[in-house]
Amino acid sequence: MPLTDVQLHYIDSLEEVMNFKRWLGERREINFISSDTETSGLSLENDRVRMIQFGDLHHGWAMARDEWLGVARDTFKTYEGDFVFHNAPFDVGFLRDSCQINIPTHRVRCTMVRSKVLEPHMSAALKQQATRYVDAVAAGSQKKLDEALGARGAWTWGTVPCEFEPYWSYAALDAVLTAHLEAHHGPLVEAEAPKAYDLEMTVYWVIERMERYGAHIDVKYAREKYDAFTRYVEESADWILRTYGVKAGSNAAIIGVLTEAGYRFNKMTQGGAQALDKEVLGDIDHPLAQTVLQRRQLQKLTSTYLSHFINEVDASDCIHPSINSLGTRTSRMSMSDPNLQNLPRKSENNPGADTIRNSITTRYDGGRLLMCDFDQIEMRLLAHLSADHGLIEAFRSEGDFFVNVARQMFDDPEFKKSDPRRQLVKNSQYAQIYGAGIPKFAKTAGVTEDVARAVFNRLHQLYPGVRKFQKSVDEVAWGRFNTEGQAYVRSPLTNRRHVADGGKVYALVNYLIQGTAAEVLKMKILAADAAGLGDYLVVPVHDELIIDVPGDMVTDAAHALLKSMNDTELFSVPITASVSVGERWGSKEAWSE
DNA sequence: GTCGCTTGCCAC
DNA sequence: AAACGTGGCAAGCGAC
């Protein structure tokens, strides 16, 4: 679909407005128009819309916001088809907050979501997609603009004049590219995986509200901890420099000192250097090694987490991380600035870690955080997908799943939950989900390879369906690779594609399990929203949903959450969830009436 | 000074 | 035959 016969227009007169309106009223072969905005930057709070564009397969129109906002507003009001954006929440959010233009979400389409549903393993950026599916020449427009901006030196996205031709033509062309992309991707997605697309589009707007709601920080507490940890980080760096003459952050230099002292380094990094990670350091009984270890730990806490908590709160002491609802190839969400999905958990060998989760608190006087997480959802999905009777039975029968498995594995009906071998059973199950080999599993579980092999063998013997499932995934994927040129499988709930990359076909088993779990969470977020909790959602963490509610809502909200998250319909084993409650994320207790 | 790469580390 | 998956982020360091 090469780009011939395309005209780009810049509205700079009433006459051009008339031409634009004539174009808008034309009958066209598509039942949508595309739209796009150029902004002064990426921040919804601090930046503004500078230009608004519309387009179809043949025409692209750009108009400066300051002169023709009324025309744009009128267009969104009167056009009766759908509006297509690339990364819709960005433009829809800016049009709403910066221009007071509200576009009904059910009439919004997004070519970025289309791209991610069709090609979860590829870049969904407009330029990349357009280069492959519209016209390779299109990718050049960005370069042309960059060069033009660079040559003028001082111009930025906030200051480049709208009438500067490379700027507006680049902007108008994006709308045309988006229209072409929709013409290509739309029918494919509707034929292949409409449910996946609909799920993502619906969840988009709930997530966007979650970002605006944010998470509340106990700033005073976070600052106290930040100061104390920073003091240690600085003083220990001074001490290391004074005592050993090396920088505390320079691994090569520290390895030099420790080698002098007689220690040997055998573990290698991926790049071929000698590794100095926490495992290596932990084995070295030397004050330098121990200090480096402790310092690293506290530096991680201050720089990655606490500094965000004290520096990036708004007037209500809330942070607003970005949530990328399609941030991963498996359809898991990702978060950034900061990432609240990887806050450290309480642990014996990381004593300071507690303070991070405890910095997140309820925003209400007397309010509570409710944390609702699925019980072993990935294991349950393995049971469902493999249809293995033994595994399904282990979930349907009373008691702890891993204990049930262990009882069979060790042929010991008296096996207790406190038995240390339970952890080995758990490790072996997860190793299977991830597709680990025997050496890796042995290392993770801390057992010999012989033991690891025996455990794997026993698992295969007890649950033969799992291996059959893995084998069938492999066969389907290779079959498609041979006939269609691509190894992929489809998710059970929405028919979404999961594509093997780099020849790692074995990873598709994990993609199916992880991806299906992610889809379940998204469905449950919608259920929670429908139950009236949409305005209280704080963070999604893969198998967990955290909400912040006023004190008088706790009981109702907990019930609604559980009702939303539990599910006996979707799969052959029930999906169950549990709620815990606390004023702080880190100090939660199981919830009961 | 910025950029990109490497190393290491946090979660599910 | 060979093989743990998905992410975000900060510091150090060499290159431009």
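Just so it is clear: chains get the letters A, B, ... in the order the sequence lines come, proteins before strands, and each one is counted from 1.
Residue-level contact check: A:I356 touches neither bases nor backbone, having no heavy atom under 4.0 Å from any strand. At a threshold of 4.0 angstrom between heavy atoms, the contacts of A:Y305 are confined to the sugar-phosphate backbone, with no base atom among them. A:Q514 comes within 4.0 angstrom of a nucleotide base, judged by non-hydrogen atoms across all strands. Nucleic acid contact class of A:M333 (heavy atoms, under 4.0 Å, all strands): none. Residue A:D337 is classed as a sugar-phosphate contact, given heavy-atom separations below 4.0 Å to backbone atoms only. Across all strands shown, A:A273 has heavy atoms under 4.0 Å from sugar-phosphate atoms exclusively, and none from any base. Here A:A252 lies out of heavy-atom contact (under 4.0 Å) with every strand. Nucleic acid contact for A:H308: sugar-phosphate only, since backbone atoms but no base atoms lie under 4.0 Å from a heavy atom of the residue.
Side-chain atoms of A:E378 and A:Q429 form no donor-acceptor pair, as typed in the model, at a separation below 3.5 Å. With hydrogens and angles left out, the side-chain atoms of A:T576 and A:D375 include a donor and acceptor closer than 3.5 Å.
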If you look only at distance, which donor and acceptor atoms sit under 3.5 Å apart when one is on a side chain in residues 508-518 of chain A and the other is two or more places apart or in another chain?
residue, atom, partner, partner atom, Å
A:Y511, OH, A:R329, NE, 3.3
A:Q514, OE1, A:T330, OG1, 2.8
A:T516, OG1, A:L512, O, 2.5

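Atom CG in A:D277 sits about 9 Å away from atom C1' in B:dC9, given to the nearest Å. Atom CD in A:Q376 sits about 14 Å away from atom C1' in B:dC12, given to the nearest Å. Per the geometry, CG belonging to A:N339 stands 13 Å off C1' belonging to B:dC9, to the nearest Å. Distance A:N342 CG to C:dC9 P: 8 Å, rounded to the nearest Å. When rounded to the nearest whole Å, the span between CD of A:Q341 and P of C:dT6 equals 15 Å. The nearest whole Å value for the distance from the CG atom in A:L512 to the P atom in C:dC4 is 19 Å. We find that OH of A:Y434 is positioned 13 Å from P of B:dA11, with the value rounded to whole Å. In this structure, A:N324 atom CG and C:dT6 atom P are separated by 16 Å, rounded to whole Å.
For A:K504 and C:dG5, the shortest distance from a side-chain N or O to OP1 or OP2 is below 4.0 Å. Distances shorter than 4.0 Å separate none of the side-chain N or O atoms of A:R332 from OP1 or OP2 on C:dG5. Note on A:S250: every side-chain N or O is 4.0 Å or more away from OP1 and OP2 of C:dG12. The phosphate of C:dA2 has neither OP1 nor OP2 within less than 4.0 Å of any side-chain N or O from A:Y506.
Remark: A:R296, A:K300 in residues 293-302 of chain A come within less than 4.0 Å of DNA chain B through at least one heavy atom.
Using a cut-off of 4.0 Å between Lys/Arg side-chain N and Asp/Glu carboxylate O, A:R496 and A:E200 are scored as salt-bridged.
Side-chain proximity of A:Y511 to the nucleotides C:dG5, C:dG8, B:dG8 is greatest for C:dG5.
Counting non-hydrogen atoms of neighbouring residues, nucleotides and ligands closer than 6.0 angstrom, the CZ atom of A:R212 exceeds 12 such neighbours. Under a cut-off of 6.0 angstrom, the local environment of CZ in A:R453 is crowded, with over 12 non-hydrogen atoms contributed by other residues, nucleotides or ligands.
With a 6.0 Å cutoff to the six-membered ring centre and a 45° limit on the axis angle, A:R380 does not count as a cation-pi contact of A:F571.
Between the base of C:dC9 and the side chain of A:S303 there is no donor-acceptor pair shorter than 3.5 Å.
No side-chain heavy atom of A:H542 sits less than 4.5 Å from a side-chain heavy atom of A:L521.
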